[in-house]
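Here's the structure, in structure tokens; my notes come after.
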Amino acid sequence: MAGLQGVLLGMGNPLLDISSVVDQALLDKYQLKLGNQILAEDQHLPLFKELTEKYSPEYIAGGATQNSIRIAQWMLRAPGATTYMGSVGDDEYGRILAAAAEKDGVRVRYHVDASTPTGTCAACVLGGERSLVANLAAANCYKTAHVERPENWAVVEAARVVYSAGFFITVAPDAMLKVAEAMAARDRVYALNISAPFVVEVPPFRAAFNELLPLVDYLFGNESEARAYAAAEGWGTEDVEEIALRVSRLPKRNGCRARTVVFTQGADPTVVAVNGKIQLFPVTPIAKDKLVDTNGAGDAFVGGFLSQLVVGKSVAEGVRAGHYAASVVVQRSGCTFPDQTYGFAWN
């Protein structure tokens with residue numbers, strides 16, 4: 001596709017995924033729950049060594065935002081369409097991440113922290129479900145000064161869409177706010193993902209999330225994250241459609257477009273709320289024996305959706321592409337994809 005140079009920028013926490021098929025005993029040992037995402041605490045740090053030594057892991061370029069940008073680039077098939085910023089260490093893992101992203105066609109503009117190792121994420125897979133434990137390390141060292149550099153700010157100004165997973169709120173809320181304000185001032189799109197319940201449950205993170213929300217044009221999440229936000233706000237409802245409508249109607253600083261809220265629900269229909277209306281988009285079921293790893297399914301959905309958003313396609317087309325991308329990823333190990341987008345027809 002022509003004319004797509006630099007249309008999509010992702011900003012997030014680059015992590016090297018250490019992905020292993022594990023047993024229930026390991027999950028119990030570290031008090032991990034399938035379908036959950038947490039930040040590593042001291043008691044989780046031995047997990048990374050144990051996976052490496054006992055569970056024959058795969059190493060995959062990851063981090064939620066980077067996954068979505070890689071998927072969007074794969075769907076777009078346009079050299080130079082996507083860029084990604086985040087912080088890595090000056091080490092082999094950081095070089096592996098950069099090489100993997102660039103191999104997928106994503107231009108990386110990493111901040112390199114010489115004193116801290118590259119972040120990792122333990123992806124513990126059991127029965128097609130996963131539990132993620134992120135050790136941010138260098139990813140936790142991103143500074144607003146990096147995006148403010150003239151060569152990097154030029155990337156922000158060139159983008160039609162900027163996207164971050166909510167995990168980045170734990171690291172760089174000031175940088176996110178600065179970029180979101182710049183996008184609103186130029187009537188460009190800022191997109192955000194809740195990403196995990198703790199992002200809206202832990203008071204400092206919830207405060208940063210709510211400060212950012214008036215600048216958000218597209219908000220993504222899943223049903224658990226939607227309910228966590230409603231609970232944190234004291235709304236007294238677990239109805240995902242009602243929550244989506246209420247979030248879509250919250251105050252918004254850029255009045256040029258209504259906020260679109262997109263909540264996935266696994267195999268149940270995806271909920272979209274915009275302009276006071278709800279749309280439900282059924283998910284084509286995948287046979288259980290074809291499910292390999294749900295790690296990255298949500299990231300893939302967002303990447304597919306963004307691939308349509310940056311070229312002006314409808315919300316329906318965004319959801320269709322998101323469902324397609326997620327269906328591909330869950331049939332593979334980790335957030336990976338084949339060389340070609342077999343089975344997806346652009347409309």
Side-chain angles (χ1 to χ4, degrees), residues 8 68 72 75 160-166 180 183-184 186-195 197 199-200 206 209-285 297-327 344-347:
L8 176 60
S68 294
M75 296 284 290
R160 297 178 196 168
V161 178
V162 173
Y163 169 73
S164 286
M183 296 300 283
R186 292 162 44 248
D187 192 25
R188 301 292 178 88
V189 172
Y190 188 79
L192 179 68
N193 200 324
I194 300 175
S195 297
V199 172
V200 292
R206 184 170 78 249
F209 179 90
N210 282 335
E211 185 178 14
L212 196 58
L213 191 56
L215 295 158
V216 173
D217 298 294
Y218 286 79
L219 180 71
F220 299 93
N222 64 28
E223 72 276 31
S224 299
E225 294 150 9
R227 289 173 178 140
Y229 183 75
E233 293 297 305
W235 286 355
T237 180
E238 291 194 345
D239 185 288
V240 175
E241 295 177 36
E242 180 183 346
I243 296 167
L245 271 177
R246 291 187 67 167
V247 175
S248 71
R249 290 168 172 161
L250 290 174
K252 190 170 183 293
R253 282 170 55 182
N254 179 4
C256 294
R257 66 177 64 83
R259 179 182 296 113
T260 300
V261 177
V262 184
F263 289 150
T264 57
Q265 303 187 97
D268 292 330
T270 295
V271 176
V272 175
V274 62
N275 289 321
K277 297 180 180 178
I278 285 287
Q279 290 179 280
L280 299 178
F281 295 89
V283 176
T284 302
D299 302 337
F301 174 88
V302 173
F305 191 103
L306 294 175
S307 75
Q308 307 300 292
L309 181 61
V310 296
V311 296
K313 297 289 186 178
S314 67
V315 167
E317 283 300 293
V319 173
R320 184 173 74 91
H323 287 169
Y324 165 79
S327 73
F344 182 78
W346 281 74
N347 291 333

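Counting begins at 1 with the first residue of the sequence.
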Less than 4.0 Å between a side-chain N and a carboxylate O, is that true for [Y] and [X]?
X	Y	value
Glu233	Arg246	no
Arg227	Asp239	no
Arg188	Asp217	no

N/O donor-acceptor pair under 3.5 Å between [X] side chain and [Y] backbone:
X	Y	result
Ser195	Gly166	yes
Glu317	Ser314	no
Arg259	Leu215	no
Arg160	Leu309	no

What are the two closest heavy atoms between [X] and [Y], and how far apart are they?
X	Y	value
Gly304	Met75	CA-CG, 4.3 Å
Ala321	Gln308	CB-CG, 3.5 Å
Phe263	Ile194	CE2-CD1, 4.1 Å

Mind checking the [atom1]-[atom2] spacing from [X] to [Y]? Nearest 0.5 Å is all I need.
X	Y	atom1	atom2	value
Asn193	Ser164	CG	OG	10.0 Å
Tyr163	Leu8	OH	CG	10.0 Å
Glu242	Trp235	CD	CH2	9.0 Å

Heavy-atom check, side chain of Val161 versus side chain of Met183, under 4.5 Å
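Not in contact.
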Over 60° means perpendicular and under 30° means parallel, so tell me whether Phe305 and Phe301 are parallel, tilted or perpendicular.
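Phe305 vs Phe301 ring planes: tilted.
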Tyr190 vs Leu212, test: side chain to side chain contact (heavy atoms under 4.5 Å, CB included). Steps then yes/no.
CA-CA 10 Å; Tyr190 188 79; Leu212 196 58; 4.0 Å; yes
Could you give me the CA-CA distance, side-chain angles and deciding distance for Leu219 and Phe209, then say whether side chain to side chain contact (heavy atoms under 4.5 Å, CB included) is met?
CA-CA 11 Å; Leu219 180 71; Phe209 179 90; 3.9 Å; yes
Distance only, no hydrogens: is a donor on one side chain within 3.5 Å (strictly under) of an acceptor on the other, for Tyr229 and Asn210?
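On atom types as modelled, these side chains qualify, holding a pair under 3.5 Å.
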Determine, stepwise, if the pair Val271 / Val262 fulfils side chain to side chain contact (heavy atoms under 4.5 Å, CB included).
CA-CA 6 Å; Val271 176; Val262 184; over 6 Å; no
Got a sec, which pairs hit side chain to side chain donor-acceptor pair (under 3.5 Å) with one end in residues 265-278, sequence neighbours left out?
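Qualifying pairs, neighbours excluded: Thr270-His323.
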Under the side chain to side chain contact (heavy atoms under 4.5 Å, CB included) rule, what do Lys252 and Leu213 come out as? Steps first, then yes or no, please.
CA-CA 7 Å; Lys252 190 170 183 293; Leu213 191 56; over 6 Å; no
